[in-house]
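Beneath this line is the structure, given in structure tokens, with notes to follow.
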Amino acid sequence: MKPTIIVIGSSDVIKLGLIRSFGESGYKIISIHAVGTNKFKMKPLDYYSKYIRNYYFVKTTNLIDLLIDKCTDEVQKPILLPLSDNIVYLIDQSLSKLSKFFVIPSINGQEGGITRLMNKILQKKIATEVGLNVPKTWEIPFVDGTFIIPKDIEYPCFVKGAISYKSKKKYQKKCNNSQELNDLLSLCKQVREYDLCVEEYLDIDKEVGIMAISSITGCVTPTIVNLLDMGKGSTNGVSMRGEICSMDNLPELTKAISSFLAKLCFTGICNLDFIESEGKIYFVEVNFRYAAYGYAIFKSGVSLPEMIVNSLHGNAFGQSGMMSDRHKTYFNEKIGLINVVERSITYKKYREMTNHADILMIEDSSDPKPHKMMRVLIINYMMNCVIRKIKAIVTLIK
């Protein structure tokens, strides 16, 4: 008997991909959409998937109670898969309470274990120890109301939050000199964006993602993903188009990642971010969750559902299906359409990327309703953009 899978997050496309992967593999699915308000103007795209058995909307403050009240199973523990950093944090902080009822990704089954390792400074230290290339890194701690800036920081540098579940991407920035760094720190102080990680600035030739499934039996890294196009504007930094490739020709990197995750003692699925600069691949960070490109990996022939379940139950991974040597490209249509609306790309470019992709993240003839509803969602998004602009103009006139 297969366990029920509970996916929790706020990104409907990421949830939809994981739901379809498990749904096509014969699992029962519960989806939980975490929000900051109870006013739902539009249902998320994954709400319309045929694979959904139950769907819940919940404020993050009520998530733990909802899980225990509505989602337990007396026969077999369901598997919890949090899909955003803040949900990973919430689940990890309640691990001792939830583990009585659910199977959950963790660090050695310890409450707060993942939370501790969401610190980018600590991640980079461990990555260096196992032989991964890591950019020079400095920590800027916030002590008694003041940022303590190391004297040996080299410019230009790139600044980001040190703790992933607390950090906001809009405060990530390249600083060319100490004045620009001080200006950014002043802004971070105003918005309470504390505990910063500073990296040497590297010219990026390519951004790379690697999904890994890890357990006490070992580690599997079935593919490497070349992130070809990223979203702009409101979708900045989100993968829009990418290429799924085999890891067969990267044995040293595979071995280093396996050593890294073994040292973390992590059980579950995670994704690791890398950049390639001047022919070298550098570790950026690890996120203890499924990635947006995960569905494309599944559609490339990798049986991620079985691998995830095996890892969480401590079973051997076995021959769960690996992709062929042929590269495959994917395209996230929702990110593409938002970029068309925001004029980051043309509609012609959108159609080209759609037509040339081997894998579409939303359109699926066997589960068609999410794609049909995407058009409605984009129209609603356009209307909201117009309303925001009108309100801004009215405010200026006043």
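Computed over heavy atoms, backbone and side chain alike; hydrogens, waters and symmetry mates excluded.
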Next on the checklist: Could you tell me if Lys174 sits above the aromatic ring of Phe158, with its cationic atom closer than 6.0 Å to the ring centre and no more than 45 degrees from the axis?
Outcome noted: no
Checklist entry - Between Tyr47 and Lys43, is there a cation-pi geometry (under 6.0 Å to ring centre, at most 45° from the normal)? => result yes
Checklist entry - Residues two or more places apart in sequence or in another chain: which of them pass side chain to side chain donor-acceptor pair (under 3.5 Å) with Thr146? => result none
Next on the checklist: Going by side chain to side chain donor-acceptor pair (under 3.5 Å), name the residues that satisfy it together with Lys136, two or more places apart in sequence or in a different chain.
Outcome noted: Glu154
Checklist entry - Atom NZ in Lys50, atom CG in Asp364: separation rounded to 0.5 Å? => result 7.5 Å
Item to check | Point-to-point distance, once rounded to the nearest 0.5 Å, from CD of Glu276 to OH of Tyr282 | outcome: 10.5 Å
Checklist entry - Please, which pairs that meet ring pair (Phe, Tyr, Trp, His ring centres under 6.0 Å) have at least one residue in residues 75-106, sequence neighbours excluded? => result Tyr89-Tyr165
Checklist entry - Could you give all pairs that pass the ring pair (Phe, Tyr, Trp, His ring centres under 6.0 Å) test and reach residues 335-380, with sequence neighbours left out? => result Phe331-Tyr350, Tyr347-Tyr350
Checklist entry - Can you check side-chain contact (heavy atoms from CB on, under 4.5 Å) on Glu111 and Asp92, steps first, answer last? => result CA-CA 6 Å; Glu111 183 168 279; Asp92 189 54; 6.0 Å; no
Checklist entry - By side chain to side chain contact (heavy atoms under 4.5 Å, CB included), which residues pair with Ala292, not counting sequence neighbours? => result Ile14
Item to check | Residue among Thr60, Leu80, Ile30 satisfying side chain to side chain contact (heavy atoms under 4.5 Å, CB included) with Ile8 | outcome: Leu80
Checklist outcome for this item: residues 5-20 vs side chain to side chain donor-acceptor pair (under 3.5 Å), sequence neighbours excluded, gives Asp12-Lys334, Lys15-Ser31, Lys15-His33, Lys15-Asp46, Lys15-Tyr55, Arg20-Asp367
Checklist entry - Has Lys77 got more than 12 heavy atoms of other residues, nucleotides or ligands less than 6.0 Å from its NZ? => result yes
Next on the checklist: More than 12 heavy atoms of other residues, nucleotides or ligands under 6.0 Å from CG of Asp144: yes or no?
Outcome noted: no
Checklist entry - Just by distance, with hydrogens left out, do Glu333 and Thr354 show a side-chain donor and acceptor under 3.5 Å apart? => result no
Checklist entry - Under 3.5 Å, is there a donor-acceptor pair between the Asn339 and Thr235 side chains? => result yes
Next on the checklist: Count I, L, V, M, F, W, Y as connected when their side-chain heavy atoms are under 4.5 Å apart, and connections chain through other members. Are Ile121 and Tyr201 then in the same cluster?
Outcome noted: no
Checklist outcome for this item: Smallest heavy-atom separation, Ser49 atom then Leu16 atom, equals CB-CD1, 3.9 Å
